[in-house]
Q: 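This structure is in structure tokens; I'll ask about it shortly.
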Number of protein chains: 2
Amino acid sequence: MSKILNTMSIDVGARLRSVRTTLGLSQRELARRAGVTNGLISLIEQNRVSPSVSSLNKVLDGVPMSLAEFFTLDLSTAPQAFFGAEDLVELGNPEVSLRLVAAQRPGRQLTMLHERYAAGAATREEMLAHRGEEAGMVIRGRIELTVGGATRVLGPGEAYYFASQVPHRFRNVGREACEIISACTPPTF
Amino acid sequence: MSKILNTMSIDVGARLRSVRTTLGLSQRELARRAGVTNGLISLIEQNRVSPSVSSLNKVLDGVPMSLAEFFTLDLSTAPQAFFGAEDLVELGNPEVSLRLVAAQRPGRQLTMLHERYAAGAATREEMLAHRGEEAGMVIRGRIELTVGGATRVLGPGEAYYFASQVPHRFRNVGREACEIISACTPPTF
DNA sequence: CGTTCTTGTCCAAGATCCTAAACACCATGA
DNA sequence: TCATGGTGTTTAGGATCTTGGACAAGAACG
């Protein structure tokens with residue numbers, strides 16, 4: 001006896017699905033980041049259950065997004081064409097800042113990021129799951145980039161381009177912060 | 001074995017208690033309006049449980065307040081002294097609008113409302129639970145006010161003052177909207 | 001002093017959420 | 001064709017939320 005919960009003033013399921021798909025995450029990947037099960041994400045998105053606030057909070061921690069942002073999201077906006085610096089959604093941390101362009105855009109096919117690595121900061125070396133390609137250009141500072149077996153330090157005006165499935169790692173070996181504009185497809189964030 | 005849930009980034013219990021006490025409601029009164037039990041309100045406010053989103057939504061319907069407003073509330077603001085029209089919190093409905101001054105102020109001792117009755121609108125005649133007194137002045141339109149057995153129509157510049165426990169009823173018998181500035185103590189909203 | 005009302009808290013039992021595991025489907029590739 | 005790895009969905013059962021009622025403490029009143 002499959003049941004669907006009464007329509008509430010706020011459609012939590014649609015909201016969560018919108019947030020997740022916009023960021024290009026699978027239910028399992030979001031579940032892993034949030035420390036819950038993929039089944040729960042599925043049930044919530046179908047409005048088969050109304051999650052406890054603490055569960056929803058855990059799920060949103062995997063995005064990351066606050067409850068206030070989640071409930072304040074306006075789903076019915078026309079696709080936005082221009083984004084001020086304050087419109088970019090921060091996905092990283094203070095050490096490695098990743099600011100996403102057009103985060104809310106449904107069905108987004110491209111991920112563009114404004115990345116900022118603090119002095120000494122680095123990404124974990126890891127194999128990304130998707131099959132897309134990544135490109136970027138340094139606009140300030142210097143960054144050491146390792147792709148497969150090769151390592152090189154890039155400065156302002158220099159760029160990179162590689163397939164995402166090749167293990168790669170960014171490391172800021174300089175004294176000042178390094179900023180990069182990057183793009184990849186399909187979207188992983 | 002009494003347990004207290006892990007501290008979350010957002011203290012739902014404190015938030016709800018703050019909202020409720022600020023409005024001068026008891027747990028039972030809020031529960032009645034929301035269609036839940038007083039026990040649930042108690043447990044939520046103590047963070048003994050993390051309510052489901054749908055329960056929290058039901059509870060907030062009794063205020064009324066949206067989930068977005070609830071999670072956006074800033075609890076740590078210094079007492080606000082000035083309130084623009086947009087700062088007043090709407091407590092009524094389209095027919096009978098009740099806009100509360102200083103809704104968020106903790107320990108508020110006074111309730112001041114900007115009331116607006118659409119043409120033909122009326123309050124239910126009911127005995128209010130508290131023992132305070134109410135006063136108000138019409139600033140626009142005309143309103144028929146019944147207090148105990150007496151009825152009178154008041155216009156701009158005219159005022160009223162009575163004990164809250166006397167049954168009373170407001171009714172706009174005119175063609176235009178009627179606006180009133182009212183105050184009562186202790187706070188019932 | 002009791003009586004009666006209010007308040008918030010606490011406690012089984014029932015309802016709902018959440019997990020772990022399985023399922024069905026599709027795409028890729030040997 | 002079969003295996004592999006990805007996707008979202010479903011289900012049984014344990015964990016948690018929610019209810020209805022009891023409880024204790026305080027205030028108002030006679």
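Below, chains carry the letters A, B, ... as their sequence lines are ordered, and counting in each starts from 1.
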Q: Which heavy-atom pair separates G174(A) from A119(A) by the least distance, and what is that distance?
A: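 Smallest interatomic distance, heavy atoms only, reads O-CB, 3.7 Å.
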Q: With the criterion being N/O to N/O and under 3.5 Å, what pairs connect the protein with nucleotides 19-23 of chain D, and how long is each?
A:
{"unit_1": "dT19(D)", "atom_1": "OP2", "unit_2": "T37(B)", "atom_2": "N", "d": "3.4"}
{"unit_1": "dT19(D)", "atom_1": "OP2", "unit_2": "T37(B)", "atom_2": "OG1", "d": "3.1"}

Q: Is R20(B) close enough to dT7(C) that one of its side-chain N or O atoms is under 4.0 Å from OP1 or OP2 there?
A: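 No.
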Q: Please enumerate all residues that pass side-chain hydrogen bond (donor to acceptor under 3.5 Å, both in side chains) together with E144(B), with sequence neighbours excluded.
A: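 side-chain hydrogen bond (donor to acceptor under 3.5 Å, both in side chains) check on E144(B) returns R171(B).
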Q: Scan S26(A) against the nucleic acid and name what it touches under 4.0 Å (heavy atoms): base, sugar-phosphate only, or nothing.
A: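 Answer is sugar-phosphate: S26(A) comes under 4.0 Å of backbone atoms only.
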Q: Nearest whole Å is fine: how far is dT10(D) P from E45(A) CD?
A: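 Answer to the nearest Å: 13 Å.
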Q: To the nearest Å, give me how far apart CG (L25(A)) and P (dG6(D)) are.
A: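 The answer, rounded to whole Å, is 15 Å.
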Q: When we call it a touch if two heavy atoms are under 4.0 Å apart, what does S42(B) touch: a base, just sugar-phosphate, or nothing?
A: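 If one applies the 4.0 Å heavy-atom cut-off, S42(B) turns out to touch a base.
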Q: Is the phosphate of dT9(C) approached by R17(B) (side-chain N or O, under 4.0 Å from OP1 or OP2)?
A: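 Yes, because at least one side-chain N or O of R17(B) sits under 4.0 Å from OP1 or OP2 of dT9(C).
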Q: Give the rounded distance in Å between these two atoms: CD1 of I41(B) and C1' of dC10(C).
A: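 Going from I41(B) (CD1) to dC10(C) (C1'), I get 16 Å.
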Q: Examine dT18(D): is either OP1 or OP2 under 4.0 Å from a nitrogen or oxygen in the side chain of S52(B)? Give yes or no.
A: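 Answer yes for this pair, as a side-chain N or O of S52(B) is under 4.0 Å from OP1 or OP2.
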Q: Given 3.5 Å as the limit, does a donor-acceptor pair link the side chain of N172(A) with the main chain of I143(A), or not?
A: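 Such a contact is absent between N172(A) side chain and I143(A) backbone.
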Q: At under 4.0 Å, does any side-chain N or O of Q46(B) touch on OP1 or OP2 of dG8(C)?
A: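 Indeed not, no polar side-chain atom of Q46(B) lies that close.
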Q: What pairs of donor and acceptor atoms, side-chain ones from residues 24-31 of chain B against any protein atom, are under 3.5 angstrom apart with sequence neighbours left out?
A:
{"unit_1": "S26(B)", "atom_1": "OG", "unit_2": "E29(B)", "atom_2": "N", "d": "3.0"}
{"unit_1": "Q27(B)", "atom_1": "NE2", "unit_2": "E45(B)", "atom_2": "OE1", "d": "3.1"}
{"unit_1": "E29(B)", "atom_1": "OE1", "unit_2": "R32(B)", "atom_2": "NE", "d": "3.4"}
{"unit_1": "E29(B)", "atom_1": "OE2", "unit_2": "R32(B)", "atom_2": "NH2", "d": "3.0"}
{"unit_1": "E29(B)", "atom_1": "OE2", "unit_2": "R33(B)", "atom_2": "NE", "d": "2.9"}

Q: So, the side chain of R15(A) versus the backbone of F70(A): is there a donor-acceptor pair under 3.5 Å, distance only?
A: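 Yes; at least one donor-acceptor contact below 3.5 Å.
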Q: For the side chain of S52(A) and the backbone of S52(B), is there at least one donor-acceptor N/O pair under 3.5 Å apart?
A: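 A pair under 3.5 Å: no.
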Q: Give the rounded distance in Å between these two atoms: CG of N47(B) and C1' of dT16(D).
A: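 About 15 Å, once rounded to whole Å.
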Q: In whole angstrom, what separates Q27(B)'s CD from dT18(D)'s C1'?
A: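 So the two atoms are 15 Å apart, to the nearest Å.
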Q: Do any N or O atoms from the side chain of T72(B) and from the backbone of A68(B) form a donor-acceptor pair under 3.5 angstrom?
A: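 Confirmed, T72(B) side chain pairs with A68(B) backbone.
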Q: Rounded to whole angstrom units, what separation is found between the CG atom of L56(B) and the C1' atom of dC17(C)?
A: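 Distance check: L56(B) CG to dC17(C) C1' gives 16 Å.
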Q: Which whole-number value in Å describes the distance from L30(A) CG to dG6(D) P?
A: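 Spelled out: CG on L30(A) to P on dG6(D) is 17 Å.
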Q: Please give, in whole Å, the distance from dT9(C) P to R48(B) CZ?
A: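 Between P of dT9(C) and CZ of R48(B): 9 Å.
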